[in-house]
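Notes follow once the structure below has been shown.
Chain A is the first sequence line, chain B the second, and so forth, proteins listed ahead of strands; every chain is numbered from 1. Just so it is clear, the model here is predicted, and its values are computed rather than measured.
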2 protein chains.
Amino acid sequence: MTTDLPAKRARLRDDLILAAEAAIASGGLSALKARTLAEAAGCAVGAIYNVFPDLDALIFAVNARTLERLDQVLAATIRPGTDPETAMRRLALAYHGFSRTERRRWTAVFAHQIPDGSSPPDWYLGVVGKLFRHIEGPLAELLPDAPPEVRGGLARTLFSATHGIVSLGLEEKLGPAPDEVIAQALVVMTRSWVLGLPGAVAPR
Amino acid sequence: MTTDLPAKRARLRDDLILAAEAAIASGGLSALKARTLAEAAGCAVGAIYNVFPDLDALIFAVNARTLERLDQVLAATIRPGTDPETAMRRLALAYHGFSRTERRRWTAVFAHQIPDGSSPPDWYLGVVGKLFRHIEGPLAELLPDAPPEVRGGLARTLFSATHGIVSLGLEEKLGPAPDEVIAQALVVMTRSWVLGLPGAVAPR
DNA sequence: TTGTTTTTTGAACGCTGTTCATTTTTCTTC
DNA sequence: GAAGAAAAATGAACAGCGTTCAAAAAACAA
């Protein structure tokens with residue numbers, strides 16, 4: 001039986017992430033408690049702090065996994081050559097679908113609040129940044145003349161807008177919002193982008 | 001000296017809301033503590049619970065005030081007769097400006113998480129709902145043939161999309177996002193709507 | 001095996017929102 | 001006004017939280 005030290009640590013790290021993910025998936029971010037977690041991972045409460053500086057860092061690890069999963073779903077959504085409108089619509093609907101299927105995990109990604117001055121770790125922002133590239137494909141076909149940095153910014157904007165529609169719908173912060181209504185809103189929104197963006201980004 | 005009972009209760013209620021708002025404005029939602037609050041409002045900790053069922057209810061009261069203020073800002077932004085593009089752009093930029101000026105208060109509105117099953121009180125959803133009507137004016141001019149319920153749904157969609165762009169930018173969840181970049185994104189977005197929405201909502 | 005270092009442990013700390021027996025205040029009745 | 005009943009305000013106490021750190025256990029070195 002090997003007791004390789006770094007390996008043991010790594011195993012505990014993984015166990016903690018999985019236990020944390022299970023807790024979040026079944027009860028949301030607020031269900032993540034140090035003591036419950038320690039019991040689930042089979043270690044002492046203090047052991048958590050040997051592997052992660054605090055629970056925030058652990059949450060980032062869980063959220064990164066969720067984003068990776070979303071990344072895979074989006075990647076599987078479109079194949080090269082799909083026309084921009086179909087591609088954008090499918091991406092938006094896939095995003096919406098993911099937020100429904102993985103409801104609690106996905107909510108945790110955006111509900112996670114870090115102390116006022118600080119910002120997410122760079123490696124995490126890298127995982128987030130990968131998501132935009134899915135939109136860049138269709139966007140390039142839609143706006144062949146736009147410079148890459150404009151397209152990059154636009155990809156972020158469209159992602160944010162889609163996110164707003166999906167998340168305010170999901171959290172029902174604006175009142176009840178059935179799935180079908182949100183989906184329809186996304187269809188109209190993406191169509192509007194395809195029709196309007198070429199003229200909107202062009203210099204006046 | 002009048003000691004009219006309901007009046008005293010109402011005064012304490014107001015004092016608590018103002019103290020809570022001050023706490024949030026200077027340190028965010030997480031700076032709202034029952035004990036600090038009681039001291040600031042000049043009452044015992046227990047007294048809070050004579051007026052509000054819990055701190056969540058108090059937060060709703062504070063957030064409603066913030067939304068009312070936003071409502072007034074948006075109302076002052078456009079006058080009837082402004083063309084749809086200008087109106088929408090101004091509304092979006094006003095929303096963005098408000099989120100910057102009232103940063104912490106505004107963040108609290110959306111950061112406030114209520115327990116899983118429950119939803120915001122009806123009176124609060126009413127306050128939220130009022131916000132959409134500002135977009136409905138320009139939208140009616142842009143889409144004169146769209147039925148009112150379609151316009152209502154669309155107003156919500158555009159609000160949500162704008163919110164997504166502004167909020168993900170503000171919280172810097174996707175990486176650094178300077179004010180000017182967000183503002184430019186909103187300009188492009190609103191222009192795209194004006195160009196694209198008429199075709200997007202029309203039946204195929 | 002013994003001594004030294006490293007890692008793990010979980011009771012204890014300080015803080016939180018909320019409660020509820022006790023005190024204080026207010027209202028009613030004579 | 002005084003005495004008694006009803007209502008409201010009080011703040012110590014409670015249960016829970018994330019986090020720490022002296023002490024114990026495990027791993028390594030000689």
Inset, instruction - Specify the residue among A:Arg35 and A:Ala44 whose closest nucleotide of DNA chain C lies further upstream toward the 5′ end. - result: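 Checking each residue's closest nucleotide, the 5'-ward one belongs to A:Ala44.
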Legend entry - B:Leu12 vs A:Leu55, nearer the 5' end of DNA chain D by closest nucleotide: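 Of the two residues, B:Leu12 wins.
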Take atom [atom1] of [X] and atom [atom2] of [N], then tell me their distance rounded to the nearest Å.
{"X": "A:Phe52", "N": "D:dT20", "atom1": "CZ", "atom2": "C1'", "answer": "18 Å"}
{"X": "A:Glu39", "N": "C:dT9", "atom1": "CD", "atom2": "P", "answer": "14 Å"}
{"X": "A:Leu16", "N": "D:dG18", "atom1": "CG", "atom2": "P", "answer": "13 Å"}
{"X": "B:Leu29", "N": "C:dG17", "atom1": "CG", "atom2": "P", "answer": "12 Å"}
{"X": "A:Asn50", "N": "D:dT19", "atom1": "CG", "atom2": "P", "answer": "13 Å"}
{"X": "A:Ile48", "N": "C:dT7", "atom1": "CD1", "atom2": "P", "answer": "18 Å"}
{"X": "B:His112", "N": "C:dG17", "atom1": "NE2", "atom2": "C1'", "answer": "13 Å"}

Inset, instruction - From the options C:dT9, D:dT19, C:dG17, select the nucleotide whose nearest atom is closest to the side chain of B:Tyr49. - result: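 Of the options given, the side chain of B:Tyr49 lies nearest C:dG17.
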Legend entry - Residue B:Lys33, side-chain heavy atoms: nucleotide from C:dT19, D:dC17, C:dG17 that is nearest: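 Taking heavy atoms from C-beta onward, the closest nucleotide is C:dG17.
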Inset, instruction - Look at the aromatic rings of B:Phe110 and B:His163 and report parallel, tilted or perpendicular, splitting at 30° and 60°. - result: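 Because their plane-to-plane angle lies in the 30° to 60° range, the rings of B:Phe110 and B:His163 count as tilted.
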Inset, instruction - Verify side-chain contact (heavy atoms from CB on, under 4.5 Å) between A:Thr86 and A:Arg89, making sure each step is shown before the conclusion. - result: CA-CA 5 Å; A:Thr86 308; A:Arg89 186 183 56 241; 3.7 Å; yes
Inset, instruction - Using a 4.0 Å heavy-atom cut-off across all strands, classify B:Asp54 as base, sugar-phosphate, or nothing. - result: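 Here B:Asp54 touches the backbone only, sparing every base.
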Inset, instruction - Classify the nucleic acid contact of A:Leu37 as base, sugar-phosphate or nothing, counting any heavy atom under 4.0 Å across all strands shown. - result: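 Here A:Leu37 touches no strand at all.
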Inset, instruction - Please check if the distance between the ring centroids of A:Trp106 and A:His96 is under 6.0 Å. - result: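 Not close enough - the centres of the two rings lie 6.0 Å or further apart.
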Inset, instruction - Quick one: which residue pairs count as a side-chain hydrogen bond (donor to acceptor under 3.5 Å, both in side chains) with a foot in residues 61-75 of chain A, not counting sequence neighbours? - result: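 Residue pairs passing side-chain hydrogen bond (donor to acceptor under 3.5 Å, both in side chains), neighbours aside: A:Glu21-A:Arg65, A:Glu21-A:Arg69, A:Glu68-A:Lys130, A:Arg69-A:Glu102, A:Asp71-A:Arg133, A:Asp71-A:His134.
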